[in-house]
Amino acid sequence: MGSELKDLNSKPAKTQQPDPNDDDASAKDHRPLLESTASSAAEDIQELEKKFAAFVRNDVYGSLGCGKLPLKEKLLLGIALVTLLPLRLLLVMSILVLYYLICKIFTLCSAPNLEEDQEDYAHLGGCRRAVILQSGRYLSRLLLFMVGFYWINETHKDSANTQDNSKTESTKQSEERVRPGAIVSNHLSYLDVLYHMSSSFPSFVAKKAVSKLPLVGLIGKCLGCVFVQRESKSSDFKGVAGIVTDRVRNAHQNELAPMILLFPEGTTTNGDFLLPFKTGAFLAGAPVMPVILRYSYRRFSPAWESISGVRHVVFLLCQFVNNLEVTRLPIYHPSQQEKDNPKLYANNVRKLMAAEGDLIVSDIGLAEKRIYLAALNGNNRLPSVLHQKND
């Protein structure tokens, strides 16, 4: 793929040679040159979009959220900018500050749990944990409501489609009562976390920088998040993998332990594709609960792809109604072969989610996403990025 992209970006623009007998040749040359360059650039982007279809925005706002808007959309956006945007920003910040204060009060005089350079309050029990959990679920759903998710369409798939038909009914019922070790979900946006918080209030894996953010940092610690440095290659990265495995195993065996939410794709897509799964959620060999999210839209897609965070938040808050469809699959119980082979386990769950969610399986990942974004942004360092990927 790297060589194809190099060829793509190394295409010489067609130029028209000047006629030495034409006094206006130099003036005439500019237009064909510009048209040829623009045409070549458009072809390059089209080729990139075919290769990296999982990361392409297909809404009215286009790639990077900078597409040319029709007049009607401009009018709707203008109205929302002066009405919905300030109101929703105020409500969102109020809810966020309120929950931060709840977390602050109910963690006072409590030492955080420190493990492998992690810091969290997931160990809290009793009324403290109950208040943090219940208020978190309620306020997360309220926050989604305030930004336009007035209703969420949830579908619970029948286990008949995902369980071995040879099992007896009593065995199926027994297995359904088993607590899963993790929730595994496709990843489209930061909004995914809000939905899962409102539904089951799990802990999740987040970037290390999140733990230091104002307001959000403490909330993440109360959720029991596992904070990781994505680019880390040191020995503490193995420690993080070990913590995740322990959390999955503990959640499966202990009903009081917080559930953990994992996005095995490792990055977001536009919602139509499912990328390869990493094995972190499956190393413990515990059952998992697959959940499929899809944001339906007419104008602006809530999927966070090919667009800056600020621009995404503004357009999201300016959309009058946002829609989320959720498909919850039955608990997936791994076979002994899958327990012995986490990669096989991950691939089988991925195939199931793709089939049940009508998603397209794609073999690209985060590295290709960075190449695509670099190309969209006109990054002059694209060849070096490609070279690093090939290495």
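Everything numeric here is computed off the predicted structure, so don't read it as measured data.
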Of the non-hydrogen atoms in [X] and [Y], which two are nearest, and what is the gap between them?
X: G285; Y: P334; answer: O-CG, 3.4 Å
X: R129; Y: Y121; answer: NH1-O, 4.2 Å
X: A80; Y: F320; answer: CB-CZ, 4.4 Å
X: Y372; Y: S306; answer: CE2-OG, 3.3 Å
X: L262; Y: V205; answer: CD2-CG2, 3.4 Å
X: L215; Y: M93; answer: CD1-CE, 4.2 Å

Would you indicate whether the side-chain heavy atoms of [Y] and [X] approach each other to under 4.5 Å?
X: Y100; Y: C222; result: no
X: T155; Y: E325; result: no
X: K157; Y: E356; result: yes
X: L139; Y: L98; result: yes
X: V291; Y: H196; result: yes
X: K221; Y: T107; result: no
X: R249; Y: R247; result: no
X: N186; Y: I292; result: yes

Do the side-chain N and O atoms of [X] and [Y] include a donor-acceptor pair separated by under 3.5 angstrom?
X: T269; Y: K369; answer: no
X: H187; Y: T267; answer: no
X: D192; Y: Y295; answer: yes

Greater than 12 external heavy atoms within 6.0 Å of N254's CG: yes
Flag if over 12 foreign heavy atoms under 6.0 Å of CD, Q337: no
Would a hydrophobic clustering, with Ile, Leu, Val, Met, Phe, Trp and Tyr connected at side-chain separations under 4.5 Å, put [X] with [Y]?
X: L76; Y: Y150; result: yes
X: L133; Y: L194; result: yes
X: I79; Y: V321; result: no
X: L283; Y: L261; result: no
X: L96; Y: L91; result: yes

R299/E73 ion pair, N-O < 4.0 Å: yes
Exam field: side chain [X] to backbone [Y], donor-acceptor pair closer than 3.5 Å:
X: S301; Y: N58; answer: no
X: Y99; Y: I132; answer: yes
X: Q319; Y: L316; answer: no
X: S335; Y: E338; answer: yes
X: T279; Y: F282; answer: no
X: S203; Y: M259; answer: yes
X: R57; Y: E305; answer: yes
X: R88; Y: L317; answer: yes
X: N322; Y: F149; answer: no
X: H252; Y: R179; answer: yes

Residue list, side chain to side chain donor-acceptor pair (under 3.5 Å) with N341, at least two apart or on another chain: none
Criterion side chain to side chain contact (heavy atoms under 4.5 Å, CB included) on K208 and V228, from CA distance to verdict: CA-CA 5 Å; K208 194 82 171 179; V228 302; over 6 Å; no
Just how far is it from atom [atom1] of [X] to atom [atom2] of [Y], taken to the nearest 0.5 Å?
X: I360; Y: L275; atom1: CD1; atom2: CG; answer: 11.5 Å
X: L324; Y: Y195; atom1: CG; atom2: OH; answer: 7.0 Å
X: L352; Y: N347; atom1: CG; atom2: CG; answer: 12.5 Å
X: L274; Y: S362; atom1: CG; atom2: OG; answer: 9.0 Å
X: I371; Y: L376; atom1: CD1; atom2: CG; answer: 12.0 Å
X: Y332; Y: M289; atom1: OH; atom2: CE; answer: 15.0 Å

Steps toward salt bridge (Lys or Arg N to Asp or Glu O under 4.0 Å) verdict (D272, R294): CA-CA 8 Å; D272 296 325; R294 185 184 293 273; 3.3 Å; yes
Parallel, tilted or perpendicular: rings of Y190 and W304 (30°, 60°): perpendicular
Mutual orientation of the aromatic rings belonging to F315 and Y61 [parallel < 30°, tilted 30-60°, perpendicular > 60°]: tilted
Criterion side chain to side chain contact (heavy atoms under 4.5 Å, CB included) on L223 and F201, from CA distance to verdict: CA-CA 7 Å; L223 281 164; F201 201 77; 3.3 Å; yes
Pairing residues for R350 by the salt bridge (charged side-chain N to carboxylate O under 4.0 Å, His left out) criterion, not counting sequence neighbours: none
For R128, salt bridge (charged side-chain N to carboxylate O under 4.0 Å, His left out) partners two or more places apart: none
Criterion side-chain hydrogen bond (donor to acceptor under 3.5 Å, both in side chains) on R141 and S199, from CA distance to verdict: CA-CA 8 Å; R141 183 63 187 94; S199 176; over 6 Å; no
Test log, rule side chain to side chain contact (heavy atoms under 4.5 Å, CB included), inputs S200 and I183: CA-CA 9 Å; S200 51; I183 300 170; 3.2 Å; yes
Working for side chain to side chain contact (heavy atoms under 4.5 Å, CB included), residues L64 and I307: CA-CA 4 Å; L64 302 176; I307 185 171; 5.8 Å; no
